[in-house]
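Inspection log for the structure reproduced underneath, given as structure tokens.
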Amino acid sequence: LLMPELSDEQKAHRVARFRKIVKYRAWFGWVFAIVGASLFGVGLNENNNPLVILNGVCFFGYGLFMVRQARKAMRNLS
């Protein structure tokens with residue numbers, strides 16, 4: 001399929017929208033990382049509950065991955 005040629009205004013709108021999405025992804029990445037660290041701490045305090053600890057590690061890792069992805073996307077836009 002051939003995509004129609006976009007005007008400069010449409011391109012600027014799409015880039016601005018993408019920047020906004022990337023910014024929110026970075027924010028939610030930090031939220032996920034904080035929640036993951038909290039879950040990890042709760043898992044250690046609650047008789048070393050392995051499922052809560054694993055869930056915390058996964059949340060923390062995915063949150064940092066989201067932040068890294070967002071930074072890389074913003075770097076590629078510049």
Side-chain angles (χ1 to χ4, degrees):
L1 295 175
L2 293 175
M3 302 242 344
E5 196 64 34
L6 298 175
S7 70
D8 288 340
E9 183 179 307
Q10 288 172 320
K11 288 178 188 176
H13 177 71
R14 285 188 181 192
V15 168
R17 193 165 149 225
F18 183 71
R19 284 184 198 271
K20 192 173 170 183
I21 291 169
V22 168
K23 180 176 68 171
Y24 288 135
R25 184 165 180 84
W27 287 356
F28 282 110
W30 284 117
V31 169
F32 272 45
I34 291 168
V35 167
S38 300
L39 280 173
F40 184 77
V42 167
L44 289 178
N45 287 340
E46 298 292 326
N47 299 325
N48 289 334
N49 188 339
L51 289 178
V52 177
I53 291 172
L54 180 63
N55 201 0
V57 169
C58 289
F59 261 83
F60 184 75
Y62 186 62
L64 292 183
F65 172 73
M66 287 173 68
V67 170
R68 192 188 90 183
Q69 223 180 15
R71 285 184 177 168
K72 185 177 178 183
M74 287 303 279
R75 204 174 334 116
N76 288 342
L77 278 178
S78 299

Can you hop from F32 to V57 via hydrophobic side chains spaced under 4.5 Å? no

Hydrophobic clusters here meaning ILVMFWY residues chained together by side-chain heavy-atom distances under 4.5 Å, can you tell me if L54 and L44 are in one? no

Is it the case that over 12 heavy atoms from other parts of the model lie below 6.0 angstrom from the CZ atom of R19? yes

Starting from L39, can I reach I34 by hopping between I/L/V/M/F/W/Y residues whose side chains sit under 4.5 Å apart? no

Could you measure the distance from the NZ atom of K11 to the CD atom of E5? Nearest 0.5 Å is fine. 5.5 Å

Would a 4.5 Å heavy-atom cut-off, applied to side chains only, mark W30 and L64 as touching? yes

Indicate if M66 and V31 have the same hydrophobic cluster label, given that clusters are the connected sets of ILVMFWY residues with side-chain heavy-atom separations under 4.5 angstrom. yes

Say you draw a straight line from CZ of F40 to CG of N49; how long is it, rounded to the nearest 0.5 Å? 12.0 Å

Are F65 and V35 linked, directly or through intermediate hydrophobic residues, by side-chain heavy-atom contacts shorter than 4.5 Å (ILVMFWY only)? yes

Give, for atom CZ of F18 and atom CZ of R14, the distance between the pair rounded to the nearest 0.5 Å. 12.5 Å

Shortest non-hydrogen separation from V22 to A73 and the atoms involved: CG2-CB, 4.0 Å

Using 0.5 Å steps for rounding, measure from the CD atom of E46 to the CD1 atom of I53. 10.5 Å

